[in-house]
Amino acid sequence: MTHADLVLFNGPVLTVDPARRWATAVAVRGGRIVAVGHDEVRELVGPRTETVDLAGRLLVPGFQDAHVHPVFAGLTMSRCDLSDAETQEDSIASVAEYADAHPEVEWILGGGWSFEAFPSGLATRQMLDAVVPDRPVYLPVRDGHSAWCNTRALEIAGLDKNSPDPADGRIEREPDGTPSGILHEGAMGLVGQYAPQPTRQDYLKGLADAQAYLHSLGITAWQDAIIGEFGGWNDQFDVYTEAAESGLLTARVRGALWWDREKGAEQLDFLLDRRARGTVGRFNAGTVKLMQDGIPENFTAAIGESYLDACGCQTGNKGLSMVDPELLRDYITLLDAHGFQVHFHAIGDRAITEVLDAVDAARQANGFNDLRHHVAHVQIVEPGDIPRFRELDVAVNMQPLWAAHEKQMDELCIPFIGTERSAWQYPFRAFQQAGAVLAAGSDWSVSTPDPMAGIHVAVNRRVPGSDSPVFLPEQRLDLATAIAAYTAGSAYVNHLDETGSIEVGKLADLTVLDRNPFAGAPEDIHETRTALTYVEGARVHAADNA
């Protein structure tokens with residue numbers, strides 16, 4: 001008998017294998033799972049076998065994040081990080097504290113602030129001027145769709161009341177037209193292009209820091225949702241390939257190459273070259289990311305009827321379709337024909353219809369295939385589009401943490417999209433019933449990358465610790481389905497078919513939780529932590545009490 005390298009026993013083990021959902025022991029040899037079962041698996045223990053007594057803790061396949069921005073998030077962790085600031089006062093104080101502690105930096109950079117921290121929903125340049133009057137400040141919001149600047153940064157960029165809005169963005173303005181300090185979508189780059197760019201070592205450290213954090217949450221793989229120049233950020237393609245070649249990259253990463261809206265179909269050769277050079281070690285750049293709209297909080301998500309104003313009246317603004325829908329059909333047909341998976345950003349109902357129409361056009365031109373196109377965010381979904389996801393073989397890339405009553409939803413979204421569309425939001429259960437593939441991600445640094453927090457909201461439709469009403473309770477998922485989305489579902493969209501479930505022959509990407517959430521109350525799911533994380537049978541994280 002050949003002994004195992006690793007045996008985990010005394011379960012429970014959620015295999016996410018439809019043929020055999022539960023087990024109590026797993027054995028690993030040479031980085032792959034060689035046995036799944038019960039007491040008989042322990043016969044593979046030899047003198048050199050590492051053994052892990054689960055002691056009732058739950059073993060699951062390694063979590064995978066299907067939509068995340070770890071390099072940006074990791075870089076922000078070492079800069080002016082506002083992700084923990086909950087109020088306007090906290091946000092401003094954090095900027096002041098960072099600026100005082102770093103008098104040597106030319107620009108104050110970082111990000112992670114949130115719209116809901118400000119009573120008006122928007123920050124202003126004057127707030128930053130009060131604490132940093134002499135140096136430029138450029139801070140992207142946590143969702144990456146807007147940036148907050150002080151007057152000095154706007155001056156450096158030459159922005160004033162006469163500056164036009166770019167076609168794919170908007171400058172927030174004071175009554176006389178002067179930029180107020182908030183830049184949305186494509187307007188971010190008007191200032192971001194002048195900020196000093198991080199070095200290669202800065203980016204590598206950001207990736208390493210982010211990877212360590214993600215491993216501590218049980219995440220073994222992810223899809224980086226933007227590989228390219230965006231919003232003033234540098235391209236991270238070479239960072240990933242270098243990390244993959246050197247062995248720094250211990251996770252498995254699918255890279256989504258940014259579709260430049262200004263270049264159109266002529267960028268195809270560039271993308272083909274990147275894909276050819278971007279298959280290195282555990283990194284694969286076989287996906288293209290296309291952003292079709294913005295977000296409802298700044299009225300750039302594309303919806304079918306106009307946004308309302310604070311009085312409930314129609315404004316005439318229906319948001320932005322970033323790519324002309326007719327051109328979108330041509331572009332997706334082209335990408336599909338050349339074997340690219342497409343990772344769509346679509347939040348509003350009109351944008352979702354537009355991307356489904358584009359995939360439909362590709363199906364009619366090219367036939368069906370196994371490229372696994374998917375739509376991230378899927379916030380406001382016209383009910384008639386729900387069955388189209390299965391019919392067109394398009395996966396749902398959901399961010400479950402957002403499907404709850406909280407300030408951003410209740411104060412910055414629902415009042416402005418109307419009653420009908422408010423009831424169309426995050427229809428996860430309806431997607432499941434329609435037979436669509438469910439994958440899951442966090443959009444970190446927009447929100448926490450902790451899978452258990454997202455799973456908690458998917459099951460409860462409430463943020464942890466909240467006593468608010470359940471948000472559209474008919475759209476709740478059961479716990480097993482939510483975990484499957486973060487494992488097998490995300491593995492599917494990441495084209496990592498040798499992962500995502502605990503089956504003999506698959507790679508031993510595994511996560512040990514510190515308890516069995518199936519044995520507790522649904523409202524306690526978020527308290528679950530990761531004890532151990534393995535990639536290919538090698539331990540990449542161990543909690544202090546593991």
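Just so it is clear, the structure is predicted and the values come from calculations on it, not from any experiment.
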* Structure fact -> Residues passing the salt bridge (charged side-chain N to carboxylate O under 4.0 Å, His left out) test with Arg421, sequence neighbours excluded, are Glu305, Asp349
* Using modelled atom types only, decide if a donor and an acceptor are shared between the side chain of Ser490 and the backbone of Ala440 within a distance under 3.5 Å. => yes
* Is the Trp259-Tyr331 ring centre distance short of 6.0 angstrom? -> yes
* Validation row: Gln408, Cys413 side chains within 4.5 angstrom (heavy atoms) -> no
* Asked: Checking Asp209 side chain against Met77 main chain: does a donor-acceptor pair fall under 3.5 Å?
  -> no
* Does the Glu382 side chain pair with the main chain of Gly384, one donor and one acceptor, at a distance under 3.5 Å? -> yes
* Asked: Glu420: what forms a salt bridge (charged side-chain N to carboxylate O under 4.0 Å, His left out) with it, not counting sequence neighbours?
  -> none
* Ring centres under 6.0 angstrom apart (His343, His67) -> yes
* Which residues share a salt bridge (charged side-chain N to carboxylate O under 4.0 Å, His left out) with Glu297, sequence neighbours left out -> none
* **Aromatic contact, Trp222 with Phe63 (centres under 6.0 Å)** => no
* Check the angle between the aromatic planes of Tyr213 and Trp444 and answer parallel, tilted or perpendicular using the 30° and 60° thresholds. => tilted
* **Partners meeting salt bridge (charged side-chain N to carboxylate O under 4.0 Å, His left out) with Arg390 (sequence neighbours left out)** => none
* **Considering all heavy atoms, the nearest Ala221-Leu496 contact** => CB-CD1, 3.7 Å
* Do the two ring centres, one from His456 and one from His526, sit under 6.0 Å apart? -> yes
* Asked: Between Arg21 and Pro18, is there a donor-acceptor pair closer than 3.5 Å when you use the side chain of the first and the backbone of the second?
  -> no
* **Between Asp443 and Gln399: side-chain donor-acceptor atoms closer than 3.5 Å** => no
* Asked: Relative to each other, are the rings of His345 and His377 parallel, tilted or perpendicular (30° and 60° limits)?
  -> perpendicular
* **Side-chain donor or acceptor of Trp22 paired with backbone N/O of Thr15 under 3.5 Å** => no
* Asked: Between the side chains of Thr448 and Asp450, is a donor N or O closer than 3.5 angstrom to an acceptor N or O?
  -> no
* Do the side-chain N and O atoms of Ser447 and Arg142 include a donor-acceptor pair separated by under 3.5 angstrom? -> no
* Asked: Would you call the rings of Tyr426 and Trp402 parallel, tilted or perpendicular if under 30° counts as parallel and over 60° as perpendicular?
  -> perpendicular
* Asked: Which heavy-atom pair separates Asp509 from Thr499 by the least distance, and what is that distance?
  -> OD2-CG2, 3.5 Å
* Do the rings of Tyr307 and Phe299 sit parallel, tilted or perpendicular, given the 30° and 60° boundaries? -> perpendicular
* So, for Gly110 and Leu139, which heavy atoms are closest and what is the spacing to 0.1 Å? -> N-CD2, 3.6 Å
* Using a distance-only test with no angle check, is there a side-chain donor-acceptor pair under 3.5 angstrom linking Asp385 and Thr353? -> yes
* State, without any angle test, whether Ser180 and Glu174 hold a side-chain donor-acceptor pair at a distance under 3.5 Å. => no
* Asked: With distance as the sole criterion, is a donor-acceptor pair present between the side chains of Asp65 and Ser442 under 3.5 Å?
  -> yes
* Are any non-hydrogen side-chain atoms of Lys318 and Ser306 less than 4.5 angstrom apart? -> yes
* Closest heavy-atom pair and its distance - Val60, Ile502 -> C-CD1, 3.7 Å
* Asked: Would you say Val493 and Arg254 make side-chain contact, with heavy atoms under 4.5 Å?
  -> no
* Are a donor atom and an acceptor atom from the side chains of Thr151 and Asp129 found within less than 3.5 Å of each other? -> yes
* Asked: Is a side-chain donor-acceptor pair under 3.5 Å present for Ser468 with Glu406?
  -> no
* Asked: Per the side chain to side chain contact (heavy atoms under 4.5 Å, CB included) rule, which among Val137, Leu183, Leu122, Ile182 passes with Trp148?
  -> Ile182
* **Which residues share a side-chain contact (heavy atoms from CB on, under 4.5 Å) with Ala521, sequence neighbours left out** => Glu523, Asp524
* To do: Sorted by first residue and then second, give each salt bridge (Lys or Arg N to Asp or Glu O under 4.0 Å) pair with at least one member in residues 80-97; sequence neighbours left out.
  => none
* Asked: Do Ile386 and Gln433 have side chains that get closer than 4.5 Å, going by heavy atoms?
  -> no
* Any donor-acceptor pair under 3.5 Å from Ser146 side chain to His184 backbone -> no
* Asked: Taking Ser466 for the side chain and Arg462 for the main chain, is one N or O donor matched with an acceptor at less than 3.5 Å?
  -> no
* Asked: Pro427 and Val378: which non-hydrogen atoms are nearest, and at how many Å?
  -> CD-O, 4.1 Å
